[in-house]
Structures are given as C-alpha cells and as structure tokens.
Amino acid sequence: MAIIKALETWTFRRYAFFITWFVLHVILFIFGILRVKNGDNLEWLNDPLNWSLWIARGGGMCLIWDCCLILLPVCRNILRILRVSFLNNLIPIDENIWFHKITAYSILFCTVVHSVAHYVNIYRMDEQRRQGNKEFTLSAAELLYKSPAGITGHIMLVCMVLMYTTAKQSQRNKSFESFWYTHHLAFVMLGALMFHGIGCIVKDSTGKCRGYESYKYLVIGYVLYVIERCIRAYRARLETRLVKAIQHPAGVIELQIQKPSFRYKPGQYMFINVPDISEYQWHPFTITSSPFEDYVSVHIRQVGDWTRAMGTRMGVENNERGGARGGAQAARQAAAPKARPEKNIELIDDRGEEIRLHAGFSMPQVRIDGPFGAPTEDVFDHEIVVLVGSGIGVTPFASILRDIWYRANNNMPLKTKRVEFYWVCRDLASFKWFQSLLATIEGSMLNVKLKIHIYCTAVMKPDQHHNLALHMQDDFTGGDTITGLQALTNFGRPNFGAIFTEIRHGITSGTYMPGATQELVVDVAVFFCGPGAMAKSLRKESRLQSKNGVNFSFRKEHF
C-alpha cells in the first residue's frame with residue numbers, strides 16, 4: 001500500500017526514467033544469459049550447471065552496470081554541468097539522491113540474484129567433484145572461502161549489510177555518524193568488485209577466462225569520482241573567513257562567510273565543514289544571502305548532534321522551544337510600533353543578535369564547498385512563482401527573496417512578476433528570525449507583486465490566546481499581531497488544493513495578473529523545501545490542479 005501511495009506522487013519524468021531503467025536491466029540480464037548460454041567451448045559448464053549459471057551471469061551483468069553508475073549521482077560538480085545541458089530535460093538530475101537510491105536498490109536486488117544463483121552453482125560444482133568429474137577440482141569450502149571470487153564476494157556482502165542497515169532514514173536520524181562512516185565502505189566493496197573475477201571460475205574448455213572484465217567499466221566511474229573529490233578538496237582549501245555569527249530565535253544561528261573565489265546563484269546550496277567539530281564531516285546548507293551581498297550566509301537550526309555542537313562551539317545554547325514563553329515574547333515584540341523601511345539600494349534589516357565570543361575564544365575555522373545546483377535556482381525563468389517553505393526549509397527562499405528585492409529595486413531585468421510565498425511553521429518563536437527580512441521586502445518591493453502567507457500549525461495554549469488578545473489593541477502599525485507583517489497569520493495547515501484552484505481561476509479570468517492575457521498554457525512554478533510528507537501532498541495537488549490551460553509544475557529541494 002505504501003508503495004502504491006509513493007507511485008501516485010511520481011512525476012512523468014520519474015516514470016519515464018524508471019521504465020527506461022527497468023527495460024535496460026532486462027536487456028542486460030538477457031544479454032548476460034545468452035552470452036554464457038551460447039558461448040563457444042562452454043558446454044562443460046552449461047551442461048551440469050545450466051540455469052543457475054545463466055541467472056548468475058545475467059544478474060552479474062546488471063550488477064556491473066549499476067556499480068558503474070552508483071557514484072555518478074554524488075558527483076555534484078559533474079551534475080552541476082549536466083544540469084544546464086539538454087540532459088536535464090530527459091533525466092531527473094535535480095533528484096540525484098532519488099537516482100542514487102534507485103541504483104542502490106537495484107544493486108541490492110541484483111546482488112541477491114547473483115549470490116543465490118552462485119551458491120547453487122557452488123553446490124552443484126561440489127557435487128560434480130564428488131561424482132568424479134575431473135573438470136571440477138575445488139570443494140565448496142574452497143570455492144567459498146579460499147578462491148578470489150569467494151573471498152571478495154563475502155567482503156562485498158559484509159560491506160553491503162553494514163551500509164544498507166545504517167542507510168535507513170530512521171537510523172540516519174538517530175545516528176548520522178553511523179551512516180556517514182559505514183557508507184564509506186562502498187569504496188571497499190567497489191575495490192573488491194574490481195578483483196572479483198581474477199580467479200576466473202568461468203572459463204571455456206581451452207582454459208581461456210570468460211569473465212566480465214568489469215574493471216574496464218568500473219574504472220570510468222572511479223576516475224570521475226576521484227576527479228570530483230579532487231575538485232572539492234581544492235576548492236575547500238581556498239581562503240575562507242567567518243566574519244560574523246548571529247543568534248536568531250528558535251535555536252537558529254546565521255553564519256556570514258567571506259570567500260572571494262565563491263560565486264553562486266540564489267537557491268543554490270553548499271557544504272560546510274568545521275574542523276573544530278569534525279575534520280571529515282561535511283553538511284549541506286542552503287545559501288540564504290543574495291549574490292549582490294559581499295558575503296555568503298547560511299542559517300543553521302540546532303536540531304542534530306553536529307548542529308548542536310556548532311552552537312556549543314559558538315557559545316550559544318538552544319533554549320527557545322517556541323512554547324508559551326516564545327509565543328508571548330513574539331506577541332509582545334510584534335505589538336511594538338515598527339518603522340517602515342525606506343526604498344534604498346541596500347537591503348538592511350535587524351536579523352538577530354551578533355554572537356560575542358567569550359574571552360580566550362576565537363571564531364572557528366569554516367570550510368565551504370560549492371555552490372551546487374538546485375531546482376530553486378530556476379525561479380527567475382518563470383513569471384508566476386509559488387514558494388512554499390516548511391520550518392527551516394524556508395532558507396532557500398530567503399536568498400531568492402533577497403535577490404528579487406535587489407533586482408526589483410535597482411531596475412534590473414526580471415521575468416518574474418508575481419510571487420506567492422507560503423511559510424508553514426510549527427511554533428510562533430520560529431517566525432522571529434525571518435520576520436524582519438520579510439517586513440523589509442514586503443514594504444519596499446517594486447515591479448514584482450509579492451504576497452506573503454504565514455501559517456502556524458502549533459496548538460496554542462490558553463495563556464497564549466490571552467496574551468494575543470491583550471496586545472491586539474496595541475497594534476499601531478496595522479500589521480499582524482504576531483509577525484508585524486501586513487499579511488495576517490493563519491492557524492492550521494494550508495489547503496493547497498483550494499489555493500491552486502483560486503490561482504487557476506484568477507489566471508483564466510484575467511484577474512490574477514491585470515493587463516495580461518492568458519497564453520495557450522500558463523506555467524505556475526511551485527518550489528518547495530521541507531519534509532517529504534508535505535512534498536507528496538504538494539506534488540499531488542500540483543498534478544490534480546493542472547488543467548484548463550494552467551500547469552502547476554512542482555520542484556522540490558534535494559540535498
């Protein structure tokens with residue numbers, strides 16, 4: 001049932017890619033079978049082993065293909081190049097992690113087929129030896145634990161057991177380090193695969209080895225990955241300086257970093273390494289600054305071991321949980337009068353309190369690698385854009401909104417004319433770190449119509465209701481009591497089915513963008529960053545509401 005629900009949210013490109021992937025594996029499997037079944041001088045193997053040998057060879061052929069490709073989805077610099085090519089229209093390059101998982105599942109399936117078939121082969125070969133067939137001289141134990149194929153095969157199986165058991169999402173959430181370090185056993189596994197066939201168990205009657213010669217194909221993927229790692233290692237060692245750290249509500253830390261060699265687009269992401277915390281761990285974070293600013297920034301929420309260690313290193317404790325205290329503070333601060341920002345060429349906003357390090361401490365060394373492409377960097381290719389962020393998933397849209405502000409207020413060319421921004425958050429305190437930026441942008445946007453929609457999904461306590469009621473009369477700015485924005489805060493989850501229906505009706509009637517006439521097909525780009533469950537719902541609604549000349553194209557942020 002869960003598989004059927006997952007398939008319901010797949011895009012056309014996913015279906016097309018998966019079908020192509022499946023058909024290609026069927027072709028390779030049949031080719032592997034026919035290659036040994038109809039091979040010259042292989043009767044001495046085909047007669048006693050027959051179907052188990054054929055299945056093993058077919059599964060092995062598919063396994064070689066998958067292992068050649070398994071490293072490609074994690075070669076992010078190569079994917080960045082492919083993303084701007086025509087291939088991005090044919091294969092889901094932005095969904096490289098999904099492709100990596102599909103390949104991993106395929107490797108698992110083919111490994112089971114290949115291994116079970118070879119265990120049957122070994123049993124039959126041992127049986128032939130015991131019956132006096134002089135072509136078979138090794139016992140089952142010698143084939144399993146002394147031959148190169150048996151030794152390397154079991155090494156690969158052990159590596160796979162460790163990698164697959166720690167790669168589950170639930171296990172990754174419990175201990176990311178376990179996943180991170182055991183996943184590097186892939187290099188041991190792929191190294192063993194390179195030498196898996198040197199024992200030459202499958203050979204013809206003349207003694208000629210009839211192996212896959214897989215090393216010729218595997219080395220292509222290995223070389224590409226080595227080049228990728230060399231590029232990343234070189235870029236990570238270039239001069240980088242952490243110039244400022246800012247503490248925001250809800251346990252969010254903003255890092256402002258200067259790196260002259262770093263060039264990026266809004267919506268892209270980068271990897272961060274802090275040697276004081278871990279020399280080898282690199283974690284992805286979305287860039288929240290605009291390319292027009294003289295620094296690159298990320299917002300880090302303290303929710304895991306590494307992010308909490310980052311807070312400890314900076315001397316910041318995550319004490320705010322967004323409860324009654326957080327809601328009351330948000331209401332009291334929102335009730336205070338706020339001055340309207342002027343339309344300057346510089347985006348200025350009060351975004352938290354700068355972290356002052358204690359005496360004897362210094363700013364930690366920070367290494368950054370990137371930038372890497374993301375679906376949100378295509379936002380400026382569309383006239384109508386819907387941005388949906390959930391919790392800290394709002395970070396890619398911080399960069400986009402900043403960039404739109406700079407472009408709109410400096411009379412720069414901008415195709416985007418209408419932006420619907422939805423932020424869904426669990427608690428009131430979480431709104432505060434992004435509030436001032438939204439207030440600045442909301443009051444000074446030119447040439448672009450921006451509409452902000454705030455949704456709070458927390459269940460408010462009685463004292464929070466009472467506090468909000470008291471401060472509603474104190475609001476002198478005409479803005480929302482909680483956020484201080486002109487856009488009112490909604491409570492509960494947004495109904496995107498109704499929201500998309502309203503947008504579609506507005507476009508078809510000509511009221512959504514006054515002065516514009518509907519073309520043959522109007523594309524509404526929906527960009528999302530947040531949890532998978534919400535992504536499935538949005539993808540489904542985008543598909544259902546795409547009709548009457550209006551197409552809602554869905555794109556999700558992937559790391």
Kindly say whether [Y] contributes a backbone atom to a donor-acceptor pair with the side chain of [X] at under 3.5 angstrom?
| X | Y | value |
| --- | --- | --- |
| N273 | W282 | no |
| K259 | I368 | yes |
| Y222 | L71 | no |
| Y164 | A104 | yes |

Margin query: Taking salt bridge (charged side-chain N to carboxylate O under 4.0 Å, His left out) as the definition, give me every residue that meets it alongside D369, ordered by chain and number, with sequence neighbours left out.
Written below: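 R232, R235.
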Notebook entry, point to check: Sequence neighbours excluded, which residues qualify as salt bridge (charged side-chain N to carboxylate O under 4.0 Å, His left out) partners of E541?
Noted result: none
Checklist line | Over all atoms of both residues, closest heavy-atom pair of S399 and P266 | finding: OG-CA, 3.3 Å
Checklist line | Distance-minimising heavy-atom pair for Y455 and R493 | finding: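 Reported closest heavy-atom pair: CD2-C, 4.1 Å.
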Next item on the list: Return the set of residues passing ring pair (Phe, Tyr, Trp, His ring centres under 6.0 Å) with W180 (not counting sequence neighbours), or none when no residue passes.
Entry: H184
Any side-chain heavy-atom pair of [X] and [Y] under 4.5 Å:
| X | Y | answer |
| --- | --- | --- |
| Y181 | Q281 | yes |
| M534 | V388 | yes |
| L190 | C67 | yes |
| L193 | I64 | yes |
| E228 | I78 | yes |
| Y269 | F285 | no |
| W65 | I107 | no |
| I300 | L255 | yes |

Compute the ring centroids of [X] and [Y], then answer whether they are less than 6.0 Å apart.
| X | Y | result |
| --- | --- | --- |
| F372 | F271 | yes |
| F18 | W98 | no |
| F496 | Y422 | yes |

Note to self: Hydrogens and angles aside, do T166 and T182 bring a side-chain donor and acceptor to less than 3.5 Å of each other?
What the structure shows: yes
Note to self: Can you confirm whether the side chains of S537 and R539 place a donor and an acceptor under 3.5 Å from each other?
What the structure shows: no
Who are the side chain to side chain contact (heavy atoms under 4.5 Å, CB included) partners of [X], not counting sequence neighbours?
| X | value |
| --- | --- |
| V226 | C230 |
| H100 | I70, P73, V74, H183 |
| A309 | I277 |
| V158 | L162 |

Item checked: Steps toward side-chain contact (heavy atoms from CB on, under 4.5 Å) verdict (M270, V298) -> CA-CA 9 Å; M270 64 183 184; V298 294; 3.3 Å; yes
Notebook entry, point to check: Under the side-chain contact (heavy atoms from CB on, under 4.5 Å) criterion, do Q256 and I246 qualify, and how do the steps go?
Noted result: CA-CA 8 Å; Q256 295 183 4; I246 300 174; 3.5 Å; yes
Margin query: Before you tell me yes or no, could you show the steps for L538 and F500 under side-chain contact (heavy atoms from CB on, under 4.5 Å), namely the whole-Å CA-CA distance, both residues' side-chain angles and the distance that decides it to 0.1 Å?
Written below: CA-CA 10 Å; L538 263 173; F500 290 170; 3.8 Å; yes
Can you name the residues that form a side chain to side chain donor-acceptor pair (under 3.5 Å) with [X], not counting sequence neighbours?
| X | result |
| --- | --- |
| S106 | H25, D66 |
| T240 | none |
| S289 | Y264 |
| Q258 | R241 |

Approximate separation, where rounding is to 0.5 Å, of [X] [atom1] and [Y] [atom2]:
| X | Y | atom1 | atom2 | answer |
| --- | --- | --- | --- | --- |
| T152 | M189 | OG1 | CE | 11.0 Å |
| E420 | I499 | CD | CD1 | 9.0 Å |
| M310 | S278 | CE | OG | 13.0 Å |
| I253 | T307 | CD1 | OG1 | 8.5 Å |
| F528 | L387 | CZ | CG | 12.0 Å |
| M156 | T111 | CE | OG1 | 8.0 Å |

Check: Quick one: do E293 and R402 make a salt bridge, cutoff under 4.0 Å?
Finding: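 A salt bridge links E293 with R402.
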Checklist line | salt bridge (Lys or Arg N to Asp or Glu O under 4.0 Å) pairs, two or more places apart, involving residues 271-290 | finding: D276-R313, E279-R367
Item checked: Crowding at CZ, F187 (>12 non-hydrogen neighbours, <6.0 Å) -> yes
Margin query: Quick one, V274 with W306, criterion side-chain contact (heavy atoms from CB on, under 4.5 Å). Give me CA distance, side-chain angles, the key distance, then yes/no.
Written below: CA-CA 10 Å; V274 181; W306 189 90; 3.8 Å; yes
Next item on the list: Carefully, step by step, assess F527 and F554 under the rule ring-ring contact (aromatic ring centres under 6.0 Å, His included).
Entry: CA-CA 6 Å; F527 296 90; F554 179 80; 9.1 Å; no
Item checked: Test log, rule side chain to side chain donor-acceptor pair (under 3.5 Å), inputs S297 and T288 -> CA-CA 6 Å; S297 69; T288 55; 2.8 Å; yes
